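Everything quoted here is computed from the prediction, not taken from an experiment.
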Amino acid sequence: MTLGQRIQALRKEKGLSQEALGEALGVSRQAVSQWEADASLPELDKLVGLSRLFGLPLGDLLQLEEPAPQAAPAEDPARLQKRRLAHGLSAAAALLLAAALVWTGTGLVRTSERLAQAEARLTALEAAAAAPRLDPAAPLVATFDFEATRYGNDVNFALSLTAAQQAEGMTVTFQATRASDAAVNTVSKAAALSPGSSTGYSTVLHVPDCFGSVTTLTAVFELDGQRCTQALARNVSVGENSASWEPLWQAQG
């Protein structure tokens with residue numbers, strides 16, 4: 001059975017049309033048709049995809065395994081002697097044939113290595129796709145609150161929030177961006193999980209020379225290289241006896 005016939009038989013066993021198989025592998029129906037007609041061969045990553053879709057090892061899909069040897073029927077002594085003689089005469093030819101197959105065998109080994117590499121890359125991609133991710137289109141903050149305490153020209157912001165999204169390994173950092181006539185400066189500090197909470201984060205952020213200036217408060221969420229930012233409040237102004245700000249988030253639920 002050719003590889004194309006093998007693909008066709010397995011596809012029909014799964015009850016898939018050529019179009020459905022093509023969609024599962026990211027190719028056209030015409031490509032599947034060419035495979036089954038043995039007019040072209042699937043690329044390495046498609047072979048890996050076919051083996052996984054059909055639930056077969058690559059070796060089984062490509063029919064690389066040798067069939068189990070069958071017991072030879074009993075022979076009479078004269079015929080056995082002739083067969084041994086013929087075997088002896090063909091030994092030299094067999095050695096020459098083995099030498100000729102060395103290059104072909106090397107090519108098969110290299111192809112097998114490439115298949116293994118393609119399967120490893122696909123496994124890594126699948127693992128990455130299955131890893132938890134933050135949804136930047138969904139709310140990141142469920143609740144947020146802060147208190148500002150002035151010490152001379154410096155201000156301490158006691159910041160706390162409840163995360164609307166949570167995943168193992170996620171970190172939250174609070175930032176205060178201070179604008180003055182001279183420059184724009186940003187102060188950051190990582191938040192810690194609040195005691196007894198799995199979604200509450202808090203910290204105290206010290207912002208120097210903040211008295212009388214306008215500050216923006218932001219939360220930065222990071223997870224496995226992914227970075228999402230949620231603006232919390234802007235136009236934060238801390239006076240001697242009061243503070244004013246404009247909220248930039250909406251309570252969820």
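Counting only heavy atoms from C-beta outward, the side chains of Leu21 and Leu53 approach each other to under 4.5 Å. Inter-residue side-chain proximity for Arg227 and Phe221 is flagged as unmet; no heavy-atom pair is nearer than 4.5 Å. Residues Ser33 and Trp35 are not in side-chain contact: their nearest non-hydrogen atoms beyond the backbone lie 4.5 Å or more apart. The shortest side-chain heavy-atom distance between Met170 and Glu222 does not fall under the 4.5 Å cut-off.
A donor-acceptor pair under 3.5 Å is absent between the side-chain atoms of Thr203 and the main chain of Leu205, judged by distance alone. Under the 3.5 Å distance criterion, the side-chain polar atoms of Glu246 are left unmatched by any main-chain donor or acceptor of Ala233. Formation of a donor-acceptor pair under 3.5 Å by the Lys189 side chain with backbone atoms of Gln175 is not found in this model. Ser194 places no side-chain N or O within donor-acceptor distance of the main-chain N or O of Ser197, the cut-off being under 3.5 Å. In this structure a side-chain-to-backbone donor-acceptor pair under 3.5 Å is present from Ser51 to Val48.
Across all non-hydrogen atoms, the minimal contact from Leu50 to Leu61 is CB-CD2, 3.9 Å. The two atoms that bring Leu25 and Gly49 nearest to each other are CD2-C, 3.7 Å, heavy atoms only. Across all their heavy atoms, Asn235 and Thr216 have their closest contact at N-OG1, 4.5 Å. Between Arg6 and Leu56, the shortest heavy-atom distance links the atoms NH2-CD1, 3.9 Å. Summarising the geometry of Gly169 relative to Leu223, their closest heavy-atom pair is C-CD1, 3.8 Å, with the distance given to 0.1 Å. Taking both residues in full, the closest heavy atoms of Pro136 and Cys228 are given as CB-SG, 4.1 Å, listed atom of the first, atom of the second, then distance.
Residues Leu232 and Leu193 fall within the same hydrophobic cluster, defined by Ile, Leu, Val, Met, Phe, Trp and Tyr side chains chained together at heavy-atom separations under 4.5 Å. Val220 and Phe146 end up in different hydrophobic clusters when Ile, Leu, Val, Met, Phe, Trp and Tyr side chains are linked at under 4.5 Å.
Here the CG-CD distance, from Leu217 to Gln230, works out to 12.0 Å after rounding to the nearest 0.5 Å. Put simply, OG on Ser17 and NZ on Lys12 are 12.0 Å apart, with the number rounded to the nearest 0.5 Å. The CZ atom of Arg234 lies 11.0 Å from the OG1 atom of Thr218; values are rounded to the nearest 0.5 Å. Rounded to the nearest 0.5 angstrom, Gln8 CD and Met1 CE are separated by 9.0 Å. Taken from CG in Leu41 to CG in Leu62, the straight-line distance is 9.5 Å, to the nearest 0.5 Å. Separation of atoms CG (Leu16) and CD (Glu13) is listed at 11.0 Å; rounding is to 0.5 Å.
More than 12 heavy atoms of other residues, nucleotides or ligands sit less than 6.0 Å from atom CD of Gln30.
When only modelled atom types and interatomic distance are considered, Thr186 and Thr177 share a side-chain donor-acceptor pair under 3.5 Å.
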May I have the list of side-chain donor-acceptor pairs in residues 155-162 shorter than 3.5 Å, sequence neighbours left out?
from   : atom 1 : to     : atom 2 : distance (Å)
Asn156 : OD1    : His206 : ND1    : 2.7
Thr162 : OG1    : Thr143 : OG1    : 2.8

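With sequence neighbours left out, Asp38 forms a side chain to side chain donor-acceptor pair (under 3.5 Å) with Thr2. Among residues two or more places apart in sequence or in another chain, the salt bridge (Lys or Arg N to Asp or Glu O under 4.0 Å) test is passed with Glu168 by none. Residues passing the salt bridge (Lys or Arg N to Asp or Glu O under 4.0 Å) test with Arg11 are Glu36, sequence neighbours excluded. Not counting sequence neighbours, the partners of Gln166 by the side chain to side chain donor-acceptor pair (under 3.5 Å) test are Tyr201. In this structure, Arg29 has no salt bridge (Lys or Arg N to Asp or Glu O under 4.0 Å) partners at least two apart in sequence or on a different chain.
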